[in-house]
Amino acid sequence: MTYFADKQPLVADIFSRYPDSPQGRRSALMPLLREVQDAEGFVSELRMAEIASLCGTTATEVRSVMSFYSTYHTVPTGRYHLQVCSTLMCALKGSDELWDELVTQLDVQPGEVSPDGRFSVQKVECLGSCGTAPMMQINDDGYYENVGPAKCARILESLRHDLQPLPDNLVPVTITADGRQTLASGEVVGTSITGLTRLPEHAGGDV
């Protein structure tokens with residue numbers, strides 16, 4: 001039995017959000033992927049083919065779309081999927097050390113799930129929280145910020161007892177009107193668009 005065979009009202013609702021055209025049907029691809037992943041934890045080749053058939057495209061295109069977003073998984077993940085931001089700002093603040101600590105402590109590599117089914121890890125592109133680097137996300141639940149060795153150890157110890165600490169920021173992260181982010185503690189981090197310094201006028205005339 002296919003996943004969507006008994007979910008025709010849901011499929012119809014998703015398609016109703018887009019124009020009734022071939023392009024519109026393909027636009028429904030992402031919410032259909034999200035539906036499957038939320039239910040099954042990942043999107044298998046079989047489900048990709050099913051979604052492709054619904055959208056009037058190919059499984060190859062479905063996989064191509066999935067590969068662009070780190071939020072979609074083609075293999076099963078652990079109960080706690082730890083995603084470490086690997087872009088430049090987090091790297092400068094220690095995300096490589098955080099990553100090394102995770103894979104050492106958990107003895108798991110990308111694409112693997114720990115033997116107890118509890119943990120999986122993934123490096124991801126920018127999570128958009130440069131002011132709180134290094135940071136990681138657990139599942140889709142929220143951001144854990146300024147994760148140094150001590151904080152990493154506390155988080156892992158809690159997760160080993162299935163006690164997930166509250167994230168510092170829920171997803172999506174709230175940004176204030178002046179472009180700054182506020183931690184759960186109330187501390188304001190990052191820079192402000194109102195605090196930018198105007199560059200001096202070019203003194204050499206027209207160029």
Side-chain angles (χ1 to χ4, degrees), residues 30 33-34 36-44 63-176 179-192:
M30 293 179 69
L33 285 172
R34 173 55 63 181
V36 169
Q37 181 160 294
D38 287 346
E40 300 185 340
F42 73 109
V43 184
S44 66
R63 176 177 278 279
S64 176
V65 171
M66 289 182 65
S67 69
F68 188 78
Y69 299 95
S70 61
T71 54
Y72 296 121
H73 311 300
T74 58
V75 295
T77 59
R79 189 180 313 152
Y80 304 110
H81 186 58
L82 309 181
Q83 304 157 78
V84 176
C85 182
S86 61
T87 46
L88 179 61
M89 186 58 71
C90 276
L92 291 173
K93 294 287 287 185
S95 65
D96 287 343
E97 291 79 3
L98 171 60
W99 175 259
D100 290 344
E101 186 69 14
L102 287 177
V103 297
T104 300
Q105 291 291 326
L106 302 176
D107 192 23
V108 63
Q109 295 293 324
E112 298 177 349
V113 178
S114 60
D116 60 2
R118 186 171 275 115
F119 295 108
S120 57
V121 296
Q122 180 183 12
K123 279 188 178 180
V124 297
E125 293 302 319
C126 187
L127 291 174
S129 190
C130 300
T132 62
M135 54 85 57
M136 69 177 180
Q137 182 176 353
I138 300 177
N139 300 334
D140 292 331
D141 300 332
Y143 285 179
Y144 295 79
E145 303 166 328
N146 300 311
V147 186
K151 185 170 184 176
C152 178
R154 289 197 301 273
I155 291 173
L156 293 183
E157 184 60 22
S158 295
L159 295 179
R160 287 188 175 102
H161 294 88
D162 290 327
L163 298 172
Q164 182 174 346
L166 291 175
D168 297 305
N169 259 305
L170 297 173
V171 176
V173 172
T174 302
I175 305 296
T176 61
R180 303 188 75 178
Q181 180 183 345
T182 304
L183 302 182
S185 65
E187 178 188 359
V188 177
V189 296
T191 188
S192 165

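Predicted, not measured: the structure shown is a model, and the values here were computed from it.
- Between the CG atom of Asp100 and the CD atom of Gln105 there is a distance of 11.5 Å, given to the nearest 0.5 Å.
- For the pair Ser129 and Glu145, the minimum side-chain heavy-atom distance is below 4.5 Å.
- With Met135 as the fixed residue, the side-chain contact (heavy atoms from CB on, under 4.5 Å) test singles out one of Pro167, Cys90, Cys130: Cys90.
- By the 4.5 Å heavy-atom criterion applied to side chains, Leu82 and Leu156 are counted as neighbours.
- With sequence neighbours excluded, the residues that form a side-chain contact (heavy atoms from CB on, under 4.5 Å) with Pro76 are Phe42.
- Dense packing is recorded around CG of Asp38, with more than 12 heavy atoms of other residues, nucleotides or ligands lying under 6.0 Å away.
- Scored by the side-chain contact (heavy atoms from CB on, under 4.5 Å) test, Asp116 finds Ser114, Arg118 as partners (sequence neighbours excluded).
- Applying the 6.0 Å contact sphere to CG of Leu163 captures more than 12 heavy atoms from other residues, nucleotides or ligands.
- To the nearest 0.5 Å, atoms CE (Met66) and OG1 (Thr71) are separated by 8.5 Å.
- When atom types are taken as modelled, the side chain of Gln37 and the backbone of His73 share a donor-acceptor pair closer than 3.5 angstrom.
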Intermediate values then yes/no, side chain to side chain contact (heavy atoms under 4.5 Å, CB included), Trp99 and Met136: CA-CA 10 Å; Trp99 175 259; Met136 69 177 180; over 6 Å; no
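- Closest non-hydrogen pair, Leu98 versus Pro134, comes out as CD2-CB, 4.5 Å.
- Here the CD-SG distance, from Glu125 to Cys85, works out to 7.5 Å after rounding to the nearest 0.5 Å.
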Chi angles and distances behind the side chain to side chain contact (heavy atoms under 4.5 Å, CB included) call for Ile155, Ile138: CA-CA 10 Å; Ile155 291 173; Ile138 300 177; 4.0 Å; yes
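- Remark: of the listed residues Lys151, Gln164, Gln137, Gln164 is the sole one forming a side chain to side chain donor-acceptor pair (under 3.5 Å) with Tyr144.
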Steps toward side chain to side chain contact (heavy atoms under 4.5 Å, CB included) verdict (Val84, Val147): CA-CA 10 Å; Val84 176; Val147 186; over 6 Å; no
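- Looking at every heavy atom in both residues, Asn146 comes nearest to Ala133 through OD1-O, 3.3 Å.
- Put simply, the side chain of Thr104 never gets that close to the backbone of Glu101: no donor and acceptor are under 3.5 Å apart.
- Listed by first and then second residue, the side-chain hydrogen bond (donor to acceptor under 3.5 Å, both in side chains) pairs involving residues 76-96 are Arg79-Asp162, Tyr80-Asp162, His81-Ser120, His81-Gln122 (not counting sequence neighbours).
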Steps toward side chain to side chain contact (heavy atoms under 4.5 Å, CB included) verdict (Thr132, Asn169): CA-CA 10 Å; Thr132 62; Asn169 259 305; 5.7 Å; no
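- Not a single donor-acceptor pair under 3.5 Å links the side chain of Tyr69 to the backbone N or O of Met30.
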